[in-house]
Student: 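Below is one structure. I have some questions about it.
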Amino acid sequence: MIDKIRQHMVQYGPALLRIPVQLTPVSVQQKMMLDVLKQVFKESLEYGDFEFLEDRWLKVSVIDLGLHWFISYQDDQFVVTHECAHEDVSFSGYCNGFILIAARKEDPDTLFFQRRLQIEGDTELGLEVKNLMDSLDFSTLSRPLMFVLAQLAEFIQQGQQTARDHEVMHAH
């Protein structure tokens, strides 16, 4: 019974968050995104690892939440906006997938080959973004954020496993 509830929460939870997230003012979303990016990429920013994104735009879309942001790097800092005339590369996927990537429970390549992460546009730029994601040291995140990510990822993995087990049982 608990496994079934977990499976439904993993499957339908992001849809329940869609409306509250979309009602959050864009300025608040942008500030939160900028704060997270600065924290996650602190070392990379210090080393100038984002020069490849200078005056170029990355679009990140969380499909099931109906969210998207455009991210660039200008004057040695991140720029996050909700509107952009043209993105150079686009990463789109589902909330659960992005959580699993952030918690280091899934690799972007795996999600890409399973078609749960789409990368479109400038292939070279997309590869640079993906490689930077792969090289991140998530231990630099605050303890509360690491804890929340780890718990969410574990919950998602258990819900997905329950769904797979259920499919296997009904296939026989």
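Heavy-atom basis, side chains included; hydrogens, waters and symmetry copies ignored. Since the model is a prediction, treat every value here as computed from it, not as a measurement.
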Student: L67 and L58: same hydrophobic cluster, using ILVMFWY side-chain contacts below 4.5 Å?
Tutor: yes
Student: Do the ring planes of F50 and F52 sit parallel (below 30°), tilted (30 to 60°) or perpendicular (above 60°)?
Tutor: parallel
Student: Would the number of heavy atoms belonging to other residues, nucleotides or ligands and lying under 6.0 Å from CD of E124 be above 12?
Tutor: no
Student: Report the distance from atom CH2 of W69 to atom CG of L34, rounding to the nearest 0.5 Å.
Tutor: 12.0 Å
Student: Parallel under 30°, tilted from 30 to 60°, perpendicular over 60°: which one fits the rings of H68 and H82?
Tutor: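 Parallel: the ring planes of H68 and H82 meet at under 30°.
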Student: Could you check if a side-chain atom of F41 sits within less than 4.5 angstrom of a side-chain atom of D49, using non-hydrogen atoms only?
Tutor: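 Answer no - side chains too far apart.
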Student: Taking the side chain as every heavy atom from C-beta outward, state whether K130 and D109 have any atom pair closer than 4.5 Å.
Tutor: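 Of all side-chain heavy-atom pairs linking D109 with K130, at least one is under 4.5 Å.
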Student: Could you tell me if the side chain of I156 sits less than 4.5 Å from the side chain of K105, heavy atoms only?
Tutor: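 With C-beta onward as the side chain, the pair stays apart.
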Student: Are L127 and T123 close enough that some pair of their side-chain heavy atoms sits under 4.5 Å apart?
Tutor: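 Not touching, per the 4.5 Å side-chain cut-off.
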Student: What's the spacing between R56 CZ and I71 CD1 if we round to 0.5 Å?
Tutor: 14.5 Å
Student: Are the side chains of E106 and L117 in touch, meaning some heavy atoms are under 4.5 Å apart?
Tutor: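 Sidechains of L117 and E106: no contact.
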Student: If I take atom OG from residue S90 and atom CD from residue E120, how far apart are they, to the nearest 0.5 angstrom?
Tutor: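 Here the interatomic distance stands at 5.5 Å.
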Student: To the nearest 0.5 Å, what is the distance between OH on Y12 and CG on L17?
Tutor: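 Output value for this atom pair is 15.5 Å.
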Student: Answer with yes or no whether the hydrophobic clustering places V80 together with V26; edges join I, L, V, M, F, W, Y residues whose side-chain heavy atoms lie under 4.5 Å apart.
Tutor: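 Unlinked, V80 and V26 end up in two clusters.
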Student: Can you tell me how far apart OG (S72) and CD (Q77) are? Round to the nearest 0.5 Å.
Tutor: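 CD of Q77 is found 10.5 Å from OG of S72.
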Student: Taking Q29 for its side chain and V21 for its backbone only, find out whether a donor-acceptor pair lies under 3.5 Å.
Tutor: yes
Student: Evaluate the side-chain proximity of F155 to M9: yes if any heavy-atom separation is below 4.5 Å, no if none is.
Tutor: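 Contact flag for M9/F155 side chains = yes.
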Student: Closest heavy-atom contact between Q74 and W57?
Tutor: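 That would be NE2-CZ2, 3.6 Å.
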Student: Tell me if a side-chain donor or acceptor on Q22 pairs with a main-chain N or O of G66 at a distance below 3.5 Å.
Tutor: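 Pair found, side chain donor or acceptor close to backbone of G66.
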Student: Among all residues two or more places apart in sequence or in another chain, which pass the side chain to side chain contact (heavy atoms under 4.5 Å, CB included) test with K31?
Tutor: D35
Student: CG/L125 to CD/E87 distance, rounded to the nearest 0.5 angstrom?
Tutor: 11.0 Å
Student: For atom CD1 of I19, is the number of surrounding heavy atoms from other residues, nucleotides or ligands below 6.0 Å larger than 12?
Tutor: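 Count not over threshold, so no.
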Student: Main chain of Y94, side chain of D64: is a donor-acceptor contact present, judged purely on distance under 3.5 Å?
Tutor: no
Student: In the structure I gave you, are the side-chain heavy atoms of L53 and E128 within less than 4.5 Å of one another anywhere?
Tutor: no
Student: Might you confirm whether atom CD of E51 has over 12 heavy atoms from other residues, nucleotides or ligands at distances under 6.0 Å?
Tutor: no
Student: Which atom names give the shortest non-hydrogen contact between I99 and A153, and what distance separates them?
Tutor: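 Reported closest heavy-atom pair: CG2-N, 4.0 Å.
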Student: Would L65 and F91 show up in the same hydrophobic cluster when neighbours are defined by side-chain heavy atoms closer than 4.5 Å?
Tutor: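 In one cluster with L65: F91, yes.
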Student: Are any non-hydrogen side-chain atoms of Q160 and L100 less than 4.5 angstrom apart?
Tutor: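 When only atoms from C-beta onward are counted, L100 and Q160 do touch, with a gap below 4.5 Å.
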Student: If we ignore angles and hydrogens, is there a donor and acceptor under 3.5 Å between the side chains of Q158 and E154?
Tutor: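 Checked: Q158/E154 side chains pair up, N/O donor to acceptor below 3.5 Å.
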Student: Quick one: do L45 and M33 end up in the same hydrophobic cluster if we chain Ile, Leu, Val, Met, Phe, Trp and Tyr together by side-chain heavy atoms under 4.5 Å apart?
Tutor: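 Same hydrophobic cluster.
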Student: When you group the ILVMFWY residues by side-chain heavy-atom contacts below 4.5 Å and let the links chain together, are F70 and L37 in the same group?
Tutor: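 No, no single cluster joins them.
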